[in-house]
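Predicted, not measured: the structure shown is a model, and the values here were computed from it. Within every chain, numbering begins at 1; the chains are lettered A, B, ... in the order of the sequence lines, protein sequences first and strands thereafter.
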Protein chains: 2
Amino acid sequence: MVNQRLEDLREVMRREHLAAFIFPSTDPHQGEYIPDHWKGREFISGFNGSAGTAVVTLNSAALWTDSRYFIAAEEQLKGTEFQLMKLKIEGTPTIPQWLHSQLSTFNFQPSTEVALDGWCSSANSVKELMADLRKEGGLTLRTNLDPLKLIWRDRPTIPENPVEIFPIEYAGETTGSKIARIRKALREKHADGMLMSSLDDIAWTLNLRGTDVHCNPVFVSYLLISSKDVTLYINKVKLTPEVSAYLQAEGIKVDDYENVVKGLKDYFEYNILLDPDEVNYALYKTVSREIVEEESPVKRMKTVKNPTEIAGFRSAMLKDGIAMVKFLKWLDEAYKSYKSDEPHESNKSHESYEPNKPHRPYETEISIDRKLTALRSEQPLYRDISFDTIAGYGAHAAIVHYEATPETDIPLEPHGLLLLDSGAQYLDGTTDITRTIALGPLTDEEKKIYTLVLKGHIQIELCKFPSGASGTQIDILARNAMWREGLNYLHGTGHGVGTYLNVHEGPHQFRMEWKPAPLVEGMTITDEPGIYLAGRCGARIENTLLIVPYKETEFGRFLGFESLTLCPVDKRPIIRELMTQEEIDWLNQYHQTVFDRLSPHLDADEQKWLREACASL
Amino acid sequence: MVNQRLEDLREVMRREHLAAFIFPSTDPHQGEYIPDHWKGREFISGFNGSAGTAVVTLNSAALWTDSRYFIAAEEQLKGTEFQLMKLKIEGTPTIPQWLHSQLSTFNFQPSTEVALDGWCSSANSVKELMADLRKEGGLTLRTNLDPLKLIWRDRPTIPENPVEIFPIEYAGETTGSKIARIRKALREKHADGMLMSSLDDIAWTLNLRGTDVHCNPVFVSYLLISSKDVTLYINKVKLTPEVSAYLQAEGIKVDDYENVVKGLKDYFEYNILLDPDEVNYALYKTVSREIVEEESPVKRMKTVKNPTEIAGFRSAMLKDGIAMVKFLKWLDEAYKSYKSDEPHESNKSHESYEPNKPHRPYETEISIDRKLTALRSEQPLYRDISFDTIAGYGAHAAIVHYEATPETDIPLEPHGLLLLDSGAQYLDGTTDITRTIALGPLTDEEKKIYTLVLKGHIQIELCKFPSGASGTQIDILARNAMWREGLNYLHGTGHGVGTYLNVHEGPHQFRMEWKPAPLVEGMTITDEPGIYLAGRCGARIENTLLIVPYKETEFGRFLGFESLTLCPVDKRPIIRELMTQEEIDWLNQYHQTVFDRLSPHLDADEQKWLREACASL
């Protein structure tokens, strides 16, 4: 099927005199999850990972992806022309390098054109690609062609789901107030207006939500703000009479989604702010006024939660904690019988599972995900999960972005560590929590990585810092103890979390790489160090934190963190001697808070379980 | 005098139709210390601090400097036309903003020209200034005029001191080998050659040293490397027959200092690498070939010490430690009598000093500096101090860059903290050490800041990290404990140190600001956290560290630090309960090493003193 699609594509390429076509994994709105309509890279290559770029020439094809997807990509590309290009592995060429070598061998003309659809890449990424292609033998890039329009016959339409109002009792600030603040920020950057294309920025600004994107409660649209008007470009079938009335009352004009091009062409003011990492290249090139290229001011505004949003987070976290406790108690009891009946040798190989041996079937990675989601969905204002659950048992816990499928699903045996990273969308807030759970006896290695991860987690929780410090500075506190053991993890330590919005919210992060966005009061940020030993085990412990005031001194304002997440941390894997007294004190204090907050909402049995789970170490 | 100079300058400005002239504090080689010949900003304004910019219009004048120099500048500008502009203070205009407002009031023409001498600013800083001036009302910048040639009658000449060979037994690598490595690095950046103008880079490359600059053993020159030739542009009177012969043997051509312009004009290859933060604007504009604008590869090469250099550092540190121990013992004994005779109330105000009361005169900030320098100069291969000693007692210790002058010098009383930051140039290595010393009873505040600084210092010493981590990531370890108390310091935590070269060597640093230069094995870096309580007291503790291998695991190569500095840390101010066991263990271990290494070189009395100073806490 993939090979037929390649033939169709090459037919178009020959007609258009194109030497190569590039399919990135992005869409016109630079989203993390994208609607099926824009999954062109998956259509052409068959590879369905969240990150990857397919490149097709007239006689070759290759797909670049990162280490998370090497195994899956290998599998999915089997039988196709596509060669797998492993990113960040020694010897892997860049796309321009590969294109240069491919096109040199077959009657290469310096003027030969490469193409990609300018709608589906940010202005900055296209400009960088153009510069790199020019350096590699003077290749040029064409951006005004979408071959999928011609060759993707059953292409899914752009979602037409209805939009709904996000009530002010959860948003805490009116759209009018937000737009006034945005206009003020634009004036400070000497800009008359801006184009917004990030779907969560638009949803935040307008206090609207949708269901167009998996796990993200957003709706496909653009928003153009000038000094006088605000215009929402959206397929009007998505607007209920209620939403239309709301928009009219707020003074927001509405136009068809496709008319954003006309809107930009007709934009008559002196200049316009476009965030070149957000706005796609096609729209960027449409603008004829002066462009102020800056980070969109909405990004940082949105990350600072107002008191109503913070109250909503607390409410959502309470419900999520209740669901988590019910789940953990259920799991504990399901595995208790094995613990008493069959003492398990801690160093026994994981290969020892024999499906016929136990009294009753074990739970699996998928079955516990179902159970947890069912418990969450019983909570008030539950809407959806906030991302695909990562439930990884044993060696699967070492695969950072593991998502169990019927093919990979394995039973949870009564020993070893289960890594469970999950979250929900409640109308009053978004949650994101990871717990690593001992299902029975553990190896020394499992206990050690668990304890080092917990130490790292707690050191972030304990940190106090001057207002405006960056996440890059603070990140090492999560790694300091494990680095002394020669251990590390290659993902970031934390990210912002939206208010009934995307679970990943920037631009601030805890990260080894440079993230200049300053940390300020009112931001949410996760704290999720991990250690992953390939083929053996993995551990990650994550709370979502709120940045709160700490103290003011002659050296300025200092901030700290408050754990919003309310759920016990498994104490069974902890090697007590590796913990400092300060770390033990934090854990005991945290568990006290968890018990105090959750127990009034639990029945007697659940309270009993929680009391034990929260007992002092 | 300053006002007469301003009149002379304005005479030139009127003749040249200039609206303003800008005098930065830099020289053609972008040095930290600069020869008197280029101290134009001091000449025109009378202000002699190391950082500051003077700007003169036809009817006003202003000087920008940072908080280190507010008091000194206020004093030195008294009676002149110059208005003090305090950098980083709310409401202070930038130079372009101020110029715009000044020039607007007096028949301002949009074409009015501002000028600075393009020889005395880096290409990047001039380009930034041009862009900023253009934004502020379209001012243009002229760069080809040095009015000092006309108005500075007794201007010091460019130094003509002789150059000397830096022997291979200390350099550890021949000039030929270094140039081969530089050429290889240039090829990797697709460059055919480069112009070097940083004096320490030239000294390192050629294995030569000089005495043209205060504390920095460098000589004024340029070095032009092409794929075939290497040419040193230098005043030939500086070359002894021995050095001339050496250069000839190494295949280095020699030309007059001024001929660097002709050398660049005659440079015939395709392109040339210029580091725009290093090369001055005048030379940058001379080049007619394609310019590869990149960080000079020499900077990072120079920071990674070879085994000979490391052996030299160890030898220099041993000698420096011996001098420091002799000094500390002498100081201790000088103040011992006061301790026994006159018990001092720990909370008594520092105002209590009465010069006539003590049995004998106290030492002063300047007298102890003389003593320490005398002890260092007795050590083999001693050449010079490596920077001006910072000896700050009591409230003076809170002035980060304090340098005692006869006017500010105060007696050291038998209580409180003395901050002593000093270093030396030995032929085999450069040293940089800070100790904070209790001269008698301390307040609780003094003990607390001392202990927090020591904790920060030790946490850096203990850190292990993946090869290639940046100093920005690690910096927080020095601040974590003090941040919890709402304390901080606003300088960096550490910098590289040269091999009988500049005491400040980049581009790697420990710093809150982003420093992307990766930390790798063989680099030197200081570890010098501090706390400064304005008007009360200050503490800083500094060792120079070497980056050494730690372990290799499935997560890659990990590195750690080894203290090169050998000198006890004063234990008397430590609040033991604030220290973790790990920190106490490090200190005891360090003191054991200091004792083992130094004691064989000391007499019995000194050994006795050192044994006590190094006894376990």
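Looking at A:L490, there are no atoms closer than 4.5 Å to chain B (heavy atoms on both sides), in backbone or side chain. Interface remark: A:Q473 contributes backbone and side-chain atoms alike to the contact with chain B (heavy atom separation under 4.5 Å). For chain B, no part of A:F510 is nearby; none of its heavy atoms comes within less than 4.5 Å. If you measure heavy-atom distances from B:Q581 to chain A, you find no contacts under 4.5 Å at all.
Heavy-atom pairs under 4.5 Å with chain B were tallied for A:F558, A:Y489, A:Y550, A:W514; the largest tally goes to A:W514. Annotation: maximal heavy-atom pairing with chain A below 4.5 Å, among B:T580, B:L477, B:N488, B:T553, occurs at B:N488. Among B:L487, B:D475, B:T472, B:L533, the residue with the largest count of heavy-atom pairs under 4.5 Å with chain A is B:L487. Most heavy-atom pairs under 4.5 Å with chain A: of the set B:M482, B:R479, B:E552, B:E485, this distinction falls to B:E485.
A:D527 and A:N543 form no side-chain donor-acceptor contact under 3.5 Å, judged by distance and modelled atom types alone. B:E461 and B:S563 are linked by a side-chain donor-acceptor pair at a separation below 3.5 angstrom, with hydrogens and angles left out of the test.
Within a 6.0 Å sphere centred on CD of A:Q589, heavy atoms belonging to other residues, nucleotides or ligands number 12 at most.
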Derivation of the side chain to side chain donor-acceptor pair (under 3.5 Å) call for A:R540 and A:Y532: CA-CA 9 Å; A:R540 180 162 70 244; A:Y532 313 96; 2.8 Å; yes

Residue pair B:D444, B:K448: steps toward the salt bridge (charged side-chain N to carboxylate O under 4.0 Å, His left out) verdict: CA-CA 6 Å; B:D444 290 345; B:K448 183 174 158 191; over 6 Å; no

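The main-chain N or O of A:R289 is never found under 3.5 Å from a side-chain atom of A:N271 such that the two would form a donor-acceptor pair.
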